[in-house]
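Since we're looking at a predicted model, the values are computed, not measured.
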Amino acid sequence: ITLTHKGYIKRMPEGAYKPQNRGGRGISGLTTREDDFVYEMFITTTHDSIMFFTNKGRLFMLKGYEIPEAGRQAKGTAIVNLLHLTSDEKVSAIMPVSEYCPDNFFTMITKQGLIKKTSCQEFARIRKSGINAINIKEDDELMGVKMTTGTEELIVSTKDGLSIRFNENEVRPTGRNSTGVIAIRLNDLDEVVNFDIV
């Protein structure tokens, strides 16, 4: 499954790509519009749940088979045709989930440096219209989401080049409708740009 920066998504069978030897030129995976690029690409099954987290803190879910299949040269389908997004809402994180293990968490970070983790089981039933995954303040946005085990080492980096690393067990799990706690204190005009598991 590929998702582009401008919000075009498509599903292709894994067999669309074949192994190449050293010196191979590669093949085109999709044709993008001008100023667009592939934002996310992953391998999953048609029966996995694909979670879509938006910058407004909402969560949508589609099954793998609900994403339209397209050829290698196709641009894909606009994500707004599949999800009930508002005009200023865009997908900020996407991930496949095969099972909702009670020991796993969705750990979320916002541009203003707030972090929150919530048990995966709280997201096992999602309405078509989406649900709130995190309460977002008016001047903030959801920046990134990772599935974690409760004991991961996390790293958060900012636009000004600052970063912090800490163990996930320092963040207490909270329910769906909470805002989160401070992960990193930011200078004026700075914002979180990257969030990952070390």
Note to self: Quiz question: by atom type and distance under 3.5 Å, do the side chains of D140 and T110 form a donor-acceptor pair?
What the structure shows: yes
Item checked: Within-4.5 Å side-chain heavy-atom neighbours: F60 and L85 -> yes
Margin query: So I131 and R176, do their side chains get closer than 4.5 Å, heavy atoms only?
Written below: yes
Notebook entry, point to check: Side chains of T46 and D48: donor-acceptor distance under 3.5 Å anywhere?
Noted result: no
Note to self: Check this for me, if you would: do E153 and R165 make a salt bridge, where the nitrogen-to-carboxylate-oxygen distance has to be below 4.0 angstrom?
What the structure shows: yes
Next item on the list: For residues L142 and K116, determine if any side-chain heavy atom of one lies less than 4.5 Å from a side-chain heavy atom of the other.
Entry: no
Check: Would a hydrophobic clustering, with Ile, Leu, Val, Met, Phe, Trp and Tyr connected at side-chain separations under 4.5 Å, put I94 with V97?
Finding: no
Notebook entry, point to check: Does a side chain donor of either D190 or T158 reach within less than 3.5 Å of an acceptor in the other side chain?
Noted result: yes
Next item on the list: Start with the C-alpha gap between V156 and I109, add the side-chain angles, then the distance that decides, and say whether side-chain contact (heavy atoms from CB on, under 4.5 Å) holds.
Entry: CA-CA 9 Å; V156 178; I109 192 109; 3.7 Å; yes
Next item on the list: Answer with yes or no whether the hydrophobic clustering places Y8 together with V80; edges join I, L, V, M, F, W, Y residues whose side-chain heavy atoms lie under 4.5 Å apart.
Entry: no
Checklist line | Cluster link M147 to L3, ILVMFWY, side chain under 4.5 Å | finding: no
Next item on the list: Compare every heavy atom of R58 with every heavy atom of S129, then report the nearest pair and how far apart it is.
Entry: O-NH1, 3.1 Å
Notebook entry, point to check: After noting the C-alpha distance and the side-chain angles of K128 and E66, does the key distance pass the salt bridge (charged side-chain N to carboxylate O under 4.0 Å, His left out) rule?
Noted result: CA-CA 12 Å; K128 267 283 189 218; E66 293 181 286; 3.2 Å; yes
Notebook entry, point to check: Closest approach of C101 and Q121, non-hydrogen atoms and distance?
Noted result: C-CG, 4.4 Å
Note to self: Strictly below 4.0 Å, N to O, side chains only: are D36 and K75 in salt-bridge contact?
What the structure shows: no
Check: With a 4.5 Å heavy-atom cut-off, do F195 and I155 have their side chains touching?
Finding: no
Check: Does the pair T77 and N81 meet the rule for a side chain to side chain donor-acceptor pair (under 3.5 Å), with working shown?
Finding: CA-CA 7 Å; T77 305; N81 295 335; over 6 Å; no
Next item on the list: Verify side-chain contact (heavy atoms from CB on, under 4.5 Å) between E69 and M12, making sure each step is shown before the conclusion.
Entry: CA-CA 6 Å; E69 190 170 340; M12 282 189 301; 5.8 Å; no
Notebook entry, point to check: So do V145 and T107 actually touch side chain to side chain, heavy atoms under 4.5 Å?
Noted result: no
Check: Given the rule that I, L, V, M, F, W and Y join up when any side-chain heavy atoms are under 4.5 Å apart, are M51 and I1 in one cluster?
Finding: no
Notebook entry, point to check: Just wondering, do K137 and L114 contact through their side chains at under 4.5 Å, heavy atoms?
Noted result: yes
Item checked: Nearest heavy atoms of I67 and R11, plus distance in Å -> O-NE, 2.8 Å
Note to self: Under the criterion side-chain contact (heavy atoms from CB on, under 4.5 Å), I'd like the reasoning laid out for Y100 against S49: C-alpha separation, chi angles, the key distance, then a yes or no.
What the structure shows: CA-CA 10 Å; Y100 298 91; S49 300; 3.4 Å; yes
Check: Any salt bridge between K10 and E40, counting N to O under 4.0 Å?
Finding: no
Checklist line | Pairing of E89 and K56 as salt bridge, 4.0 angstrom limit | finding: no
Note to self: Walk me through whether F52 and I79 qualify under side-chain contact (heavy atoms from CB on, under 4.5 Å).
What the structure shows: CA-CA 10 Å; F52 298 88; I79 197 89; 3.6 Å; yes
Check: Are V192 and F166 in one and the same hydrophobic cluster, where Ile, Leu, Val, Met, Phe, Trp and Tyr link if side-chain heavy atoms are under 4.5 Å apart?
Finding: yes
Checklist line | Taking every non-hydrogen atom, the tightest pair across N55 and S92 | finding: N-OG, 3.6 Å
Note to self: Please confirm whether the ring centroid of F106 lies under 6.0 Å from the ring centroid of F53.
What the structure shows: yes
Next item on the list: Using atom types as modelled and distance alone, determine if a side-chain donor or acceptor of N132 lies under 3.5 Å from a backbone N or O of I134.
Entry: no
Check: Can you name the closest pair of heavy atoms from E141 and K90 and give their distance?
Finding: OE1-NZ, 3.9 Å
Notebook entry, point to check: Is any side-chain heavy atom of L154 less than 4.5 Å from a side-chain heavy atom of D196?
Noted result: no
Notebook entry, point to check: How about C120 and F105: do any of their side-chain heavy atoms sit closer than 4.5 Å?
Noted result: no
Next item on the list: Kindly give the heavy-atom pair with the smallest separation between L59 and A133, and that separation in Å.
Entry: CB-CB, 4.0 Å
